[in-house]
Amino acid sequence: MTKRPGEDTSPPRRGRPRDPERMRRVLDAAKQHFYEHGYEGANLDAIASEAGVSKMTVYSYFPSKEALFETVIGSRTDRVAGSLLGTRAFDPRHPQTVLSTIGAQF
C-alpha cells in the first residue's frame, strides 16, 4: 500500500480524543496541589478528584507523578523565561539582578 501525499496511514487512536479542557483542569489541579503539599505529599488520586477526572485519565496524559510535576514546573518556567526574554533582566554582567528577577517572577 503506497502512501499518497497528505494521507494519514497511522492506525486510528483508540478511545475518546484528548480534551484540551480536561488537560487544563488536570494541570491546574496539579499546580495547586503540588504548591500546597509539595512533591512528596502530592497524591494523584487527590489531583484527579480536584480536576474532576479519574486517576486513569491523569495516567493517560502523564505516565507518572514525576512526569506531571515536570510538566507543571516546565510550563511555569517557560512562561517566566518567555516574559523576560529580550529585557535587561538577562544582562550577564549582573547575575544577581538576573537571579532576583527570575525569583520574583516565580
Side-chain angles (χ1 to χ4, degrees):
M1 185 175 196
T2 304
K3 180 181 173 192
R4 287 177 258 166
E7 182 180 28
D8 183 9
T9 58
S10 60
R13 291 187 64 177
R14 298 179 77 182
R16 287 190 270 172
R18 293 192 185 253
D19 178 359
E21 173 60 23
R22 186 175 14 196
M23 171 72 110
R24 185 197 59 75
R25 288 195 328 260
V26 169
L27 288 174
D28 287 349
K31 178 176 65 174
Q32 187 63 37
H33 197 80
F34 284 126
Y35 177 75
E36 291 174 1
H37 303 281
Y39 178 79
E40 292 298 323
N43 178 292
L44 290 182
D45 286 315
I47 291 170
S49 178
E50 291 168 19
V53 300
S54 71
K55 188 175 179 180
M56 286 304 296
T57 297
V58 174
Y59 276 116
S60 75
Y61 290 113
F62 307 98
S64 65
K65 180 169 82 168
E66 181 179 351
L68 177 56
F69 184 73
E70 287 175 358
T71 300
V72 168
I73 296 301
S75 68
R76 179 67 179 151
T77 303
D78 291 346
R79 193 168 39 250
V80 168
S83 70
L84 296 174
L85 288 177
T87 67
R88 290 183 174 193
F90 284 129
D91 185 344
R93 295 170 294 178
H94 304 284
Q96 185 173 0
T97 302
V98 172
L99 293 174
S100 294
T101 302
I102 291 170
Q105 291 295 315
F106 275 100

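Residue numbers start at 1 and run along the sequence shown. Computed from a prediction, not measured in an experiment: that's the story for all the values here.
Separating the CG atom in Leu27 from the CZ atom in Arg22 is a distance of 13.0 Å, to the nearest 0.5 Å. Summarising the geometry, atom CG belonging to Leu44 is positioned 4.5 Å from atom OH belonging to Tyr59; distances are rounded to the nearest 0.5 Å.
At least one side-chain heavy atom of Leu68 sits less than 4.5 Å from a side-chain heavy atom of Phe34.
Summarising the geometry of Asn43 relative to His33, their closest heavy-atom pair is N-NE2, 3.2 Å, with the distance given to 0.1 Å. Closest heavy-atom contact between Ile47 and Val26: CG2-O, 4.1 Å. Across all non-hydrogen atoms, the minimal contact from Val72 to Ala30 is CG2-CB, 3.9 Å. Nearest heavy atom pair, residue Val58 against residue Ala48, reads CG2-CB, 3.7 Å.
Applying the ring pair (Phe, Tyr, Trp, His ring centres under 6.0 Å) criterion to Tyr39, with sequence neighbours excluded, gives Phe69. Considering only residues two or more places apart in sequence or on other chains, Glu21 meets the salt bridge (charged side-chain N to carboxylate O under 4.0 Å, His left out) condition with Arg24.
Screening residues 63-74 for side-chain hydrogen bond (donor to acceptor under 3.5 Å, both in side chains), with sequence neighbours left out, gives no hits.
Within a 6.0 Å sphere centred on CD of Gln96, other residues, nucleotides and ligands contribute 12 heavy atoms or fewer.
Side-chain polar atoms of Ser60 and Thr57 form no donor-acceptor pair below 3.5 angstrom.
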